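The structure under discussion appears below in the form of structure tokens.
Numbers here are sequence positions counted from 1. These numbers come from the heavy atoms of this one structure, side chains and all, not from hydrogens, waters or symmetry mates. Order of appearance sets the numbers: ligands from 1, and atoms from 1 within every ligand. Being a predicted model, the structure only gives us computed values, none of them experimental.
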Amino acid sequence: MKKKMTALTMAIMMAASLSACGGSSTADTTAAPTEATTAANNSEADSTEADAETKASDNAGSGKVYKIATDTTFAPFEFENDKGEMVGIDLDLLKAISKDQGFTYELVVAGFSAATTGLEAGEYDAVIAGMSITDERKEKYDFSDPYYDSGVGMAVNADSDIASYDDLNGKTVAAKIGTEGCAFAESIADQYGFTIVQFEDSSSMYQDVLAGNSVACFEDYPVLGYEISRGTAFKMPLEMEHGNSYGFAVLKGQNTELLEMFNAGLKNMKDSGKYDEILDTYISK
Ligand code: GLN
């Protein structure tokens, strides 16, 4: 119950304040409380899974159950499958690394900006959410070794005439709060004369484009590619823009042992071929 209140309160606070891509605002004020409820429910559901994991590796580690927050919809890194289970590269990797290193965790499906806000508030021990390792973030967080190279892309509806940033002049584009995609959109918004509307989660952002409210959205290129490959009627008219690699994050100077275990486990997964196996499950080459 406490968890539910905290998530809800946080979402309302976020809805009340308005700023840029920084990660503490939303233009989609009505969606935020609903999303928070979903996140709280998900986190409860995931506790059951975490209990099982706790048992699996009870003998190892210090007995601490780390709270690790993730995004809601960021396929193929984390998303809900047909059976209602949270799966994806990040989550499979985390599970494999935790087994290898003998630590236990509870996964909290919080949403991206709620995950980082919660990490800063001390609610979570770590975040794994396709989180880009940026210089700005390095001032607040300690990141693991990079585990996936990424970049930013622009998606438009499959039948859209938009073929360049120039075509965005006078239009509205969608982005997700606190993300590298949002920061990129913001960096070129004045130059190309478009307005940005921000969303808490990727699915609401995609819906806004599909509904024709926004003419494009900015999101990580591999995530947009995956979305298109599973049937979303988008296309990407432009090449990938530079972006940063993904890392597992803890608050600066905290949970150092967890970060070290993540790095050691990641190396073991790469050496054993498990890392490639996980990637191959989601991304066809
Ligand atoms: N890679 C992007 C970032 O870190 C988006 C992450 C996400 O939306 N889960 O900003």
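Separation of the F234 and Y206 ring centroids falls under the 6.0 Å cut-off. Taking the ring centroids of Y246 and F77, they lie under the 6.0 Å cut-off.
Against a heavy-atom cut-off of under 4.0 Å, M131 is close to the following atoms of ligand 1: 4 (O). Within ligand 1, counting atoms from 1 as listed, the ones closer than 4.0 Å to a heavy atom of D220 are 1 (N), 2 (C), 5 (C). Heavy-atom proximity to A129, at under 4.0 Å, picks out these atoms of ligand 1: 6 (C), 7 (C), 9 (N).
The proximity of T179 to ligand 1, defined as any non-hydrogen pair under 4.0 Å, involves the side chain as well as the backbone. Only the side chain of R137 comes within 4.0 Å of ligand 1, counting heavy atoms alone; its backbone N, CA, C and O stay farther away.
Around CG of D166, the count of heavy atoms belonging to other residues, nucleotides or ligands within 6.0 Å exceeds 12. Within a 6.0 Å radius of NZ in K267, no more than 12 heavy atoms belonging to other residues, nucleotides or ligands are found. In this structure, D271 places its CG atom where more than 12 heavy-atom neighbours from other residues, nucleotides or ligands lie under 6.0 Å away.
Remark: K270 is positioned above the aromatic ring of Y275, its terminal NZ or CZ atom under 6.0 angstrom from the ring centre and at most 45 degrees off the axis.
Between F112 and ligand 1, not a single N/O pair is under 3.5 Å apart. Below 3.5 Å of separation, one finds an N or O of D71 facing an N or O of ligand 1. Considering backbone and side-chain atoms alike, K176 places an N or O below 3.5 Å from some N or O of ligand 1. By the 3.5 Å distance cut-off applied to N or O atoms, G181 is not counted among the residues near ligand 1.
Judged purely by atom type and a 3.5 angstrom limit, S214 has no side-chain atom pairing as donor or acceptor with the backbone of A216. Side-chain N or O atoms of N263 include one that pairs as donor or acceptor with a backbone N or O of D145 at under 3.5 Å.
The shell of residues lying under 4.0 angstrom from ligand 1, judged by heavy atoms, includes Y246.
For atom 6 (C) of ligand 1, the closest non-hydrogen atom on the protein side is G130 O, 3.3 Å. The nearest heavy-atom contact from the protein to atom 10 (O) of ligand 1 is E180 N, 2.7 Å.
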